[in-house]
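Keep in mind it's a predicted model, so treat the numbers as computed, not measured. Chain letters run A, B, ... following the sequence lines, proteins first and then strands; every chain starts at 1.
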Number of protein chains: 2
Amino acid sequence: MKISTKGRYALRLMLDLAMSDSSRPTHIKEISARQDISVKYLEQIIAILNKAGFVRSTRGPQGGYSLRWDPEEYTVGMILRLTEGSLAPVACVEDGGICPRDEQCVTVEVWKRLNDAINGVVDHITLADLIHWQEEKNQNLDYII
Amino acid sequence: MKISTKGRYALRLMLDLAMSDSSRPTHIKEISARQDISVKYLEQIIAILNKAGFVRSTRGPQGGYSLRWDPEEYTVGMILRLTEGSLAPVACVEDGGICPRDEQCVTVEVWKRLNDAINGVVDHITLADLIHWQEEKNQNLDYII
DNA sequence: TCTTTTTCATACCGATTCAATAGGAATATG
DNA sequence: CATATTCCTATTGAATCGGTATGAAAAAGA
């Protein structure tokens with residue numbers, strides 16, 4: 001019942017992009033340094049985001065990646081589902097999931113509620129929210145220091 | 001981000017026990033037949049529940065298992081956490097979990113909310129609720145047939 | 001045109017977890 | 001003593017996790 005590194009790193013990666021200077025593409029090396037994740041692993045993860053059209057890529061020197069849309073258009077759910085696959089806690093409450101025990105089984109009600117609770121969280125937080133939280137956190141840090 | 005068979009089977013197992021004739025111990029074979037889970041796998045799962053004192057066991061012929069407490073005293077969370085381990089979506093929001101990036105990291109807020117949402121569901125459903133739902137479902141089935 | 005910097009694609013790998021199965025020991029009943 | 005049950009531990013095949021490694025392709029600049 002864990003979110004894997006792929007999903008977690010993808011979220012940090014997208015937030016990093018969202019908070020980067022949007023006037024030029026950000027290259028993987030920078031993100032790798034800031035987020036302390038290997039370049040090679042980041043490449044794999046961003047490839048998924050790129051194929052899905054979540055980011056725009058530019059090759060060659062001065063190349064890199066940038067967000068395709070505004071931060072408020074990305075929900076955490078979109079990013080996690082893309083990289084993690086379904087977030088449903090069991091297969092039988094997935095879209096198109098079928099269970100042979102459906103008629104008798106009542107534990108499925110638990111899974112449905114769990115699924116709704118999970119979706120309720122991830123589908124209502126956007127990258128814009130994360131940016132906002134990050135800015136608040138940075139301010140507090142400045143204040144302390 | 002899935003609940004494994006261990007947790008799912010444990011829940012069905014406990015519900016099965018809760019709905020069984022409590023005047024005598026229920027043996028694994030019966031549960032295996034009703035739930036369509038192998039005897040050997042069930043043995044392993046119930047061993048966990050037994051060690052934790054969730055069920056009482058009696059050996060020998062006419063032996064078997066029975067619930068130790070009333071159904072309303074078992075939450076789904078207790079059963080799942082025992083068999084699955086922590087339900088926290090990432091290690092850093094677990095009890096005693098520490099993260100070196102805590103100061104800077106803002107995605108942790110996502111995980112906290114997710115964690116709260118998950119706990120909010122599983123800690124507020126008891127075996128008694130499941131029994132109730134099952135009885136309702138059975139009634140509806142009878143009605144249709 | 002050559003070098004450099006970047007993305008892009010794919011293969012590989014060790015460790016761990018999952019989902020069981022298997023074999024047999026211990027214990028109680030009758 | 002035979003039988004029915006729980007109890008204990010080992011094994012296994014497959015999948016997943018969390019990356020590394022290698023190198024091709026493309027673009028920019030000298």
*Answer yes or no: are there more than 12 heavy-atom neighbours, outside Asp21(B) itself, under 6.0 Å from its atom CG?*
yes
Presence of donor-acceptor pair under 3.5 Å, side chain of [X] and base of [N]:
X        : N       : answer
Lys40(B) : dG24(C) : yes
Gln44(A) : dT20(D) : yes
Lys6(A)  : dG19(D) : no
Gln62(A) : dT4(C)  : no

Of the candidate nucleotides [options], which contains the atom at the shortest distance from the side chain of [X]?
X        : options                  : result
Ser38(B) : dT21(C), dG19(D), dT5(C) : dT21(C)
His27(B) : dC7(D), dT22(D), dT5(D)  : dT5(D)
Tyr65(B) : dA4(D), dT6(D), dA19(C)  : dT6(D)
Arg59(A) : dA27(D), dT6(D), dT21(C) : dA27(D)

Could you tell me the separation between the [atom1] atom of [X] and the [atom2] atom of [N], rounded to a whole number of Å?
X        : N       : atom1 : atom2 : value
Ile48(A) : dT7(C)  : CD1   : C1'   : 15 Å
Lys29(B) : dC7(D)  : NZ    : C1'   : 17 Å
Tyr9(B)  : dA19(C) : OH    : P     : 8 Å
Arg8(A)  : dG19(D) : CZ    : C1'   : 13 Å
Ile45(A) : dT7(C)  : CD1   : C1'   : 15 Å
Glu84(A) : dG18(D) : CD    : C1'   : 12 Å
Leu42(B) : dT5(D)  : CG    : P     : 15 Å
Glu30(B) : dT6(D)  : CD    : C1'   : 14 Å

query: Reckon Ile28(B) touches a base, only the sugar-phosphate, or nothing at all at heavy-atom distances under 4.0 Å?
result: sugar-phosphate
Between [X] (side chain) and [Y] (backbone), is there a donor-acceptor pair under 3.5 Å?
X         : Y         : answer
Glu84(B)  : Gly7(B)   : yes
Lys137(B) : Cys105(A) : yes
Ser20(B)  : Ser22(B)  : no

Is Ser57(B) near enough to dC7(D) that one of its side-chain N or O atoms lies under 4.0 angstrom from OP1 or OP2? yes
For Tyr41(A) and dC17(D), is the shortest distance between a side-chain N/O and OP1 or OP2 below 4.0 Å? no
Assert: residue with more 5' nearest nucleotide on DNA chain D, out of Asn50(B) and Glu43(A), is Asn50(B)
- Where does the angle between the aromatic ring planes of Tyr9(A) and Tyr41(A) fall among parallel (under 30°), tilted (30 to 60°) and perpendicular (over 60°)? perpendicular
